[in-house]
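Just so it is clear, the values below take in all heavy atoms, side chains as well, and ignore hydrogens, waters and symmetry mates. Chain letters run A, B, ... following the sequence lines, proteins first and then strands; every chain starts at 1.
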2 protein chains.
Amino acid sequence: MRKLKYAILGLINRKPMTGYDLTIEFDKELASFWYAKHSQIYPELKKLTDENLITFETVIQGEKLEKKVYTITEKGKQELKNWILRDEPLEPTPKDVFRLRAYFIELMNKEEIIQQFTAQLEKRQKKLAVLQSAMENLLETKDISNIISEEFGDYIVLKGAIMREQAYIDWLNECLAAVKASSYKTPSPGL
Amino acid sequence: MRKLKYAILGLINRKPMTGYDLTIEFDKELASFWYAKHSQIYPELKKLTDENLITFETVIQGEKLEKKVYTITEKGKQELKNWILRDEPLEPTPKDVFRLRAYFIELMNKEEIIQQFTAQLEKRQKKLAVLQSAMENLLETKDISNIISEEFGDYIVLKGAIMREQAYIDWLNECLAAVKASSYKTPSPGL
DNA sequence: ATTATACATGTAAATGTTGACATGTTTCAA
DNA sequence: TTGAAACATGTCAACATTTACATGTATAAT
């Protein structure tokens, strides 16, 4: 599968980067659809170098701090272009711990259900707000008129992330409304 | 983390099951938010048994086929109830290979983009249709009026899956509309 | 009768991922 | 000037997950 391979190849293809830059990029720009820890990135960079898909140049930062700036090779570009056009079957739906808890709703009483769903809703709303302000910023600073551009790629995945979060929030609100409307009364313990 | 532990505990809490039953359950009922292969399930059942969270009874099916029917213990129920009320921070957004490809849109030309997004749209629409017919069936066969019930749990996660797929489809349609409306012309090769 | 499919349970090697350990430099603010 | 935060690169053990290997029974249709 080697998905991390293509995530890294795609990023380095955009512009030469260090392992540290990749780590930041995964945390910031790709966070809404991919992530990787530095402990996974550095070994993968070594592997890609061994496979001649990337090369690096050691650059001295300041007095003595060495960093490795990686650049994609022709071979790397070919593999990347080959991957991007592959038509693969739909992945299994990703795991979601909150939905797993929601499925086992029979283990909670009405108050606990409302508490759980409300807490989740608040977290999701905060996340949505962050995405929306990122979108405002993107629209102010980037030109997305050319669909064959990194900027348009940035735009559509952010748009997708906002729509996904909104749908999650809509679902949580629907669940909360149904639960609150329910006449089921939690038996008072000890009465 | 041991998330599979709680998925299994929750299912066995609903009713006693074999490892095979769990495998089917993950593939069918839980597919929209969890999954596990039998090669992961059997060792986990062994572990949960060692931890006294479940016990099993060997049942003979037909002449000699042995199956192990697992039942949750009191200790298992306690751990499950404890887990369901835990308030944990939002998980990182799940990885999504299609969004990763979409992000690197600059690697495709207009025709390729339309082809990729259309193919994805068709797959998602088929998936949505499956979910919608599952919902029709659920509403016909199950009573979801009691919110503290397995049936209501089944209902809300299915509702959530439908809303999530619809949002994905809406996003794909928006992307396709933007791409098709774009005046950017792919340079004809060789002219 | 035979055969395909579903039922049933496991293990082992490889791969993917996380969390902790380990080390050192540079920059900026107090 | 000193201390915190950011910059920078790595390894290792443990855990999670997949793929392949491995075996056998029961049932239903042909």
Inter- and intrachain pairs under side chain to side chain donor-acceptor pair (under 3.5 Å), touching residues 75-90 of chain A, at least two apart: A:Lys5-A:Glu79, A:Asn82-A:Arg86, A:Asp87-B:Lys123, A:Glu88-B:Arg101

A:Gly62 or A:Trp34, whichever maps to the more 5' nucleotide of DNA chain C: A:Trp34

B:Lys46 side chain near C:dT11 phosphate (N/O to OP1/OP2, under 4.0 Å): yes

Under-4.0 Å side-chain N/O to phosphate OP1/OP2 contact, A:Tyr20 with D:dT9: no

Rounded distance (Å) that lies between atom P of D:dT9 and atom CD of A:Glu44: 16 Å

Sugar-phosphate only, base, or nothing, as touched by A:Thr23 at under 4.0 Å among non-hydrogen atoms: nothing

B:Ser182 side-chain N/O to A:Ile147 backbone N/O, donor-acceptor pair under 3.5 Å: no

Whether B:Arg124 side chain and B:Ala119 backbone form a donor-acceptor pair below 3.5 Å: no

Nucleotide C:dA12, atom C1' - distance to OH of B:Tyr42 in whole Å: 17 Å

Sugar-phosphate, base or nothing in reach of A:Tyr35, heavy atoms under 4.0 Å: sugar-phosphate

Side-chain donor or acceptor of A:Trp34 paired with backbone N/O of B:Arg99 under 3.5 Å: no

Distance under 6.0 Å and angle within 45° of ring axis: A:Arg14 vs B:Tyr103: yes

Side-chain-base donor-acceptor pair under 3.5 Å for A:Ser39 and D:dG10: no

Which residue lies more 5' along DNA chain C, comparing B:Leu65 with A:Leu65 via nearest heavy atoms: B:Leu65

Phosphate OP1/OP2 of D:dT17 contacted by B:Gln40 side-chain N/O (<4.0 Å): yes

Any B:Lys37 side-chain nitrogen or oxygen under 4.0 Å from OP1 or OP2 of D:dT19: yes

d(CG, A:Asp27; C1', C:dT18) in whole Å: 14 Å

Whole angstrom value for the distance that separates C1' of D:dT25 from CD of B:Glu66: 11 Å

D:dA26 OP1/OP2 closer than 4.0 Å to side-chain N/O of B:Lys64: no

For atom NZ of A:Lys95 and atom P of C:dG16, their distance in whole Å: 15 Å

Phosphate-side-chain proximity, B:Lys68 and C:dG10, N/O vs OP1/OP2 below 4.0 Å: yes

Whole-Å gap separating P (C:dA8) and CD (B:Glu57): 14 Å

Phosphate OP1/OP2 of D:dA8 contacted by A:Lys67 side-chain N/O (<4.0 Å): yes

Gap between atoms CZ and C1', on B:Arg2 and C:dT18 respectively (whole Å): 16 Å

A:Gln61 side chain near C:dT25 phosphate (N/O to OP1/OP2, under 4.0 Å): no

Rounded distance in Å - NE2 (A:His38) to P (C:dG16): 19 Å

Flag, side chain of B:Glu112 to backbone of B:Asn109, donor-acceptor distance under 3.5 Å: yes

